[in-house]
Amino acid sequence: MSSFKSPRGVRDILPPETARWRALESQFAGVCERAGYGELVSPMFEDAGVFARLGEDTAVVSKEMYDFFDKKGRRMALRPELTASAARAFIEHHPEVPWKVWYSGPQFRYEQPQAGRYRQFMQVGIELFGVDDPHSDVEVIALGWEFLRSLGLQDMTLLVNTLGDSESRSAYAGVLGDYLAESELSEASVETALKNPLRVLDSKREQDQQVIAGAPSCLDHLTSEAADRFAAVRSGLDALGISYEVSPRLVRGLDYYTHTAFEYVSNSLTSAQNALGGGGRYDGLIEALGGTSTAGIGFALGADRILLACDTEETFLLSETLLDVFIVDITDGQAALTLSQELRSAGISADRAWGSRSLKAQMKAANRSNARFALIVGTDEQASGTVSVKDLETSQQTQISQDAIVEHLQSRLKQL
RNA sequence: GUGGCCGUAGCUCAGUCUGGUUAGAGCGCCGGGUUGUGGUCCCGGAGGUCGGGGGUUCGAAGCCCCUCGGUCACCCCA
């Protein structure tokens with residue numbers, strides 16, 4: 001019989017690495033909650049229609065959705081992203097605006113896996129509904145940036161662009177479409193150009209690079225309102241001292257974006273998967289999902305990639321797990337059994353060795369456990385109702401009565 | 001979905017080109033170095049259907065085909 005392995009493109013995260021994931025999430029939670037965002041927990045799957053509205057010709061919807069029919073024949077989909085779910089929740093519960101939420105959790109896309117790209121991947125992100133003040137764009141962009149910086153990441157670039165309002169966007173799409181129609185594009189891009197010319201700007205094919213470099217800029221086709229709005233966002237970022245690059249080629253993959261679009265790029269990741277996260281304004285999304293017109297902006301960050309970038313920048317590394325005591329019992333094991341329980345109830349972290357292994361073997365285990373103290377119970381201690389407390393850093397050892405052990409350890413741990 | 005590279009002990013890898021007795025190393029793990037003491041050192045040990053299946057051959061980790069997985073690029077995006 002063959003044994004099972006995890007499916008393609010998904011993976012296990014084991015301890016101690018899981019502690020790093022939890023630390024990342026809790027740091028993100030802290031950053032968000034200090035800015036007035038509350039946590040949103042939404043379902044892992046939704047009616048597939050929720051995601052279909054993201055744009056019928058985006059690959060996320062047309063090719064990569066993990067969709068299925070449930071037992072009643074309803075078409076459901078594992079969420080490929082969280083903005084649509086958040087928008088659906090917003091419409092369903094009509095909370096008061098501004099509605100500021102953060103989230104964290106797995107998303108699913110049926111893609112060709114490679115480093116930094118998995119079929120189940122973890123994102124953290126925020127959404128801010130009901131505000132179209134340009135300073136809200138600045139708050140959101142800055143929050144993501146500060147979070148990434150707080151992890152110790154240095155080698156990053158913030159890219160900012162605007163797609164303008166729908167008037168600007170369609171004017172630009174027309175101009176760009178005309179330009180592309182007369183250019184020598186790769187075969188695949190010719191097709192893309194017909195459906196959504198903006199998306200061609202994302203192409204990395206060698207053949208398209210020259211065409212893209214010479215393409216008209218979306219910034220030249222903004223209405224004056226859209227241009228003013230972008231200027232306000234930029235001056236807000238300037239005021240906060242956040243440096244960024246204006247990237248007129250930055251068009252985000254999902255169709256619901258309007259106005260501000262941004263991306264956090266890691267320069268330390270050499271692969272094509274170097275975008276740590278991105279987001280933008282999606283003022284039309286709520287309406288597309290059947291709600292009343294509401295402004296919105298948010299971002300999502302890929303936790304898998306963030307940790308890859310942390311690896312290459314050697315930051316946010318796994319800290320050693322610390323343990324207060326490790327119990328070594330070379331008698332009948334009764335002391336290990338009761339002591340570990342007693343210490344844990346008193347708030348002292350305690351681990352122990354199993355089986356009747358030699359003192360030497362148990363001391364090795366104690367050392368490996370990173371415990372500060374080893375509690376040793378041998379025949380002498382058992383006879384006298386004591387326990388030997390060995391400081392594993394200084395190697396100093398004292399014998400303490402079992403009745404006084406909790407108090408003794410508490411005071412010594414407090415002194416550290 | 002398309003193409004390139006890769007898959008040997010828990011981990012990192014040698015061995016594959018030039019098929020040939022019991023498949024190796026380092027780290028890790030387990031045990032020992034005499035009465036009950038970890039980290040260093042010394043000695044010993046366990047652990048592998050060579051990703052899986054089929055084929056060629058007297059003989060396959062090695063050659064061929066298929067398949068699964070990883071990785072890189074396109075694509076897509078976080």
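Each chain gets a letter, A, B and so on, in the order its sequence line appears, and its residues count up from 1.
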Novice: Under 4.0 Å between any heavy atoms, over every strand shown, what does A:Gly144 touch: base, sugar-phosphate, or nothing? Just pick one.
Specialist: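 Here A:Gly144 touches no strand at all.
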
Novice: Quick one: side chain to side chain donor-acceptor pair (under 3.5 Å) partners of A:Gln397, sequence neighbours excluded?
Specialist: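 A:Gln397 satisfies side chain to side chain donor-acceptor pair (under 3.5 Å) with no residue once adjacent residues are dropped.
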
Novice: With rounding to the closest Å, how many angstrom separate the C1' atoms on B:rC6 and B:rC43?
Specialist: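 The same atom, C1', in both gives a distance of 38 Å.
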
Novice: Could you tell me which residues satisfy side chain to side chain donor-acceptor pair (under 3.5 Å) with A:Ser268, sequence neighbours excluded, listed by chain and number?
Specialist: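 Testing A:Ser268 for side chain to side chain donor-acceptor pair (under 3.5 Å), a comparison that skips the adjacent residues, returns A:Ser266, A:Thr312.
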
Novice: Using a 4.0 Å cut-off on protein heavy atoms (strictly under), produce a 5'-to-3' string for nucleotides 3-10 of chain B with B for base contact, S for backbone-only sugar-phosphate contact, and - for none.
Specialist: --------

Novice: Could you give the distance separating B:rC42 and B:rG53 at their P atoms, to the nearest angstrom?
Specialist: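 Straight-line distance between the two P atoms is 41 Å.
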
Novice: What distance, rounded to whole Å, do you find between the two P atoms, one in B:rG70 and one in B:rG44?
Specialist: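 Those two atoms are separated by 41 Å.
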
Novice: Please, which pairs that meet ring-ring contact (aromatic ring centres under 6.0 Å, His included) have at least one residue in residues 340-396 of chain A, sequence neighbours excluded?
Specialist: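 ring-ring contact (aromatic ring centres under 6.0 Å, His included) check on residues 340-396 of chain A returns no pairs.
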
Novice: When all nucleic acid strands are considered with a 4.0 Å heavy-atom cut-off, which category describes A:Gly116: base, sugar-phosphate, or nothing?
Specialist: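 Since a base atom lies under 4.0 Å of A:Gly116, the category is base.
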
Novice: Mind checking side chain to side chain donor-acceptor pair (under 3.5 Å) for A:Ser358 and listing every partner two or more places apart, or none if nothing turns up?
Specialist: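 For A:Ser358, no residue satisfies side chain to side chain donor-acceptor pair (under 3.5 Å) once neighbours in sequence are set aside.
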
Novice: Check the surroundings of atom CD in A:Gln209: do more than 12 heavy atoms from other residues, nucleotides or ligands lie under 6.0 Å from it?
Specialist: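 Count over threshold, so yes.
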
Novice: Could you work out the separation of B:rG47 and B:rG3 based on their P atoms and round it to a whole Å?
Specialist: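 Looking at atom P only, B:rG47 and B:rG3 are 43 Å apart.
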
Novice: What interatomic distance, in whole Å, is found between C1' of B:rU16 and the corresponding atom of B:rG39?
Specialist: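 Between the two C1' atoms, the distance is 41 Å.
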
Novice: What residues form a side chain to side chain contact (heavy atoms under 4.5 Å, CB included) with A:Ser26, not counting sequence neighbours?
Specialist: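 Result, side chain to side chain contact (heavy atoms under 4.5 Å, CB included) vs A:Ser26: none returned.
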
Novice: What nucleic acid atoms does A:Ala275 come within less than 4.0 Å of, heavy atoms only: base, sugar-phosphate, or nothing?
Specialist: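 Result for A:Ala275 = sugar-phosphate.
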
Novice: Both distances below 3.5 Å, Watson-Crick or wobble geometry, any strand: find the nucleotide opposite B:rC63.
Specialist: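 The base-pairing partner of B:rC63, which may sit in any strand shown, is B:rG55.
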
Novice: Look at all strands and tell whether A:Ala374 reaches a base, only sugar-phosphate, or nothing, counting heavy atoms closer than 4.0 Å.
Specialist: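 Answer is nothing: A:Ala374 stays at 4.0 Å or more from every strand.
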
Novice: Do the side chain of A:Glu111 and the base of B:rA78 come within less than 3.5 angstrom through a donor-acceptor pair of N or O atoms?
Specialist: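 In this structure, the two groups form a donor-acceptor pair.
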
Novice: Summarise how protein sits on nucleotides 33-39 of chain B as a single string, 5' to 3': B when a protein heavy atom is under 4.0 Å from the base, S for sugar-phosphate-only contact, - for no contact.
Specialist: B--BBBB

Novice: Is there a side-chain contact between A:Arg109 and A:Tyr118 in this structure, where contact means two heavy atoms from C-beta onward sitting under 4.5 Å apart?
Specialist: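 No - every pair of side-chain heavy atoms lies 4.5 Å or more apart.
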
Novice: Do A:Asp132 and A:Arg281 sit within salt-bridge range, that is, some charged N less than 4.0 Å from a carboxylate O?
Specialist: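 No, no charged N to carboxylate O under 4.0 Å.
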
Novice: On a whole-Å scale, what distance lies between the C1' atoms belonging to B:rU12 and B:rG28?
Specialist: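 Pairwise C1' distance, B:rU12 against B:rG28, rounds to 11 Å.
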
Novice: Across all strands, who's sitting opposite B:rC74 as a Watson-Crick or G-U wobble pair, both distances under 3.5 Å?
Specialist: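 Across all strands, the one nucleotide that pairs with B:rC74 is B:rG1.
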
Novice: Strictly below 4.0 Å, heavy-atom distances to any atom of RNA chain B: list the hits from residues 208-219 of chain A, or just say none.
Specialist: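 Under 4.0 Å from RNA chain B: no residue of residues 208-219 of chain A.
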
Novice: Give the nucleotide from the list B:rC75, B:rG70, B:rG32 with an atom nearest to the side chain of A:Pro113.
Specialist: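 Looking only at heavy atoms from C-beta outward on A:Pro113, the closest nucleotide is B:rG70.
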
Novice: Using whole Å, what does the distance between atom C1' of nucleotide B:rU2 and atom NZ of A:Lys204 come to?
Specialist: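 Atom NZ in A:Lys204 sits about 17 Å away from atom C1' in B:rU2.
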
Novice: Does B:rC75 have OP1 or OP2 under 4.0 Å away from a side-chain N or O of A:Arg205?
Specialist: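 For B:rC75, OP1/OP2 do have a side-chain N/O of A:Arg205 under 4.0 Å.
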
Novice: Give a yes or no on whether the backbone of A:Ser186 and the side-chain of A:Asp208 come within a donor-acceptor separation of less than 3.5 Å.
Specialist: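 The answer is yes, because a donor-acceptor pair under 3.5 Å joins these two groups.
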
Novice: Scan for salt bridge (charged side-chain N to carboxylate O under 4.0 Å, His left out) pairs involving residues 313-330 of chain A, sequence neighbours excluded, and state none if there are none.
Specialist: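 Residue pairs with at least one partner in residues 313-330 of chain A: there are none.
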
Novice: Would you mind checking if A:Asp311 and A:Arg20 are paired as a salt bridge, meaning a charged N to carboxylate O distance below 4.0 Å?
Specialist: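 Counted as a salt bridge, because a side-chain N and a carboxylate O are separated by less than 4.0 Å.
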
Novice: Does A:Arg117 make a side-chain donor-acceptor contact with the base of B:rC76, cut-off 3.5 Å?
Specialist: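 When only heavy-atom distances are counted, A:Arg117 does reach the base of B:rC76 through a donor-acceptor pair under 3.5 Å.
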
Novice: Using a cut-off of less than 4.0 Å, is there contact between a side-chain N or O of A:Arg357 and OP1 or OP2 of B:rG31?
Specialist: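 So the side chain of A:Arg357 is within the cut-off, an N or O lying under 4.0 Å from OP1 or OP2 of B:rG31.
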
Novice: Can you check whether A:Gln114 has a side-chain N or O nearer than 4.0 Å to OP1 or OP2 of B:rA73?
Specialist: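 So the side-chain polar atoms of A:Gln114 do come within 4.0 Å of the phosphate oxygens OP1 or OP2 of B:rA73, strictly under.
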
Novice: Would you measure the distance from the C1' atom in B:rG69 across to the matching atom in B:rG32 and give it in whole Å?
Specialist: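 Per the computed distance, 41 Å lies between those C1' atoms.
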
Novice: OP1 or OP2 of B:rC68 less than 4.0 angstrom from a side-chain nitrogen or oxygen of A:Arg8, does that happen here?
Specialist: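 Answer no for this pair, as no side-chain N or O of A:Arg8 is under 4.0 Å from OP1 or OP2.
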
Novice: Out of B:rU71, B:rA78, B:rC75, which has the shortest distance to the side chain of A:Ala115?
Specialist: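 Among the listed nucleotides, the one closest to the side chain of A:Ala115 is B:rU71.
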
Novice: Does the ring of A:Tyr110 carry A:Arg119 above it, NZ/CZ under 6.0 angstrom from centre and within 45° of its axis?
Specialist: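 So A:Arg119 does make the cation-pi contact.
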
Novice: Under 4.0 Å, heavy atoms only, any strand: does A:Phe326 hit a base, just the sugar-phosphate, or nothing?
Specialist: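 A:Phe326: no heavy atom of the nucleic acid under 4.0 Å.
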
Novice: Using the P atom as the reference point in each nucleotide, state the distance between B:rC41 and B:rC27 in Å, no decimals.
Specialist: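 Comparing P positions in B:rC41 and B:rC27 gives a spacing of 9 Å.
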
Novice: With the threshold set at 4.0 Å, does a side-chain nitrogen-carboxylate oxygen contact exist between A:Glu146 and A:Arg34?
Specialist: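 Result for this pair is no, no salt bridge flagged.
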
Novice: With sequence neighbours left out, what residues match A:Arg305 under salt bridge (charged side-chain N to carboxylate O under 4.0 Å, His left out)?
Specialist: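 In terms of salt bridge (charged side-chain N to carboxylate O under 4.0 Å, His left out), with neighbours along the sequence ignored, A:Arg305 is linked to no residue.
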
Novice: Applying the Watson-Crick and G-U wobble criteria at under 3.5 Å, what pairs with B:rA25? Answer none if nothing qualifies.
Specialist: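 Pairing partner, where one exists within any strand: B:rU12.
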
Novice: Going by side chain to side chain donor-acceptor pair (under 3.5 Å), name the residues that satisfy it together with A:Ser183, two or more places apart in sequence or in a different chain.
Specialist: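 Per chain and number, A:Ser183 pairs via side chain to side chain donor-acceptor pair (under 3.5 Å) with no residue.
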
Novice: Counting only non-hydrogen atoms, which of residues 405-416 of chain A are less than 4.0 Å from RNA chain B?
Specialist: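 Within this stretch, nothing sits under 4.0 Å of the strand.
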
Novice: I'd like to know if A:Arg11 and A:Asp304 make a salt bridge, using a cut-off of under 4.0 Å between side-chain N and carboxylate O.
Specialist: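 Salt bridge flag = yes for A:Asp304 with A:Arg11.
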
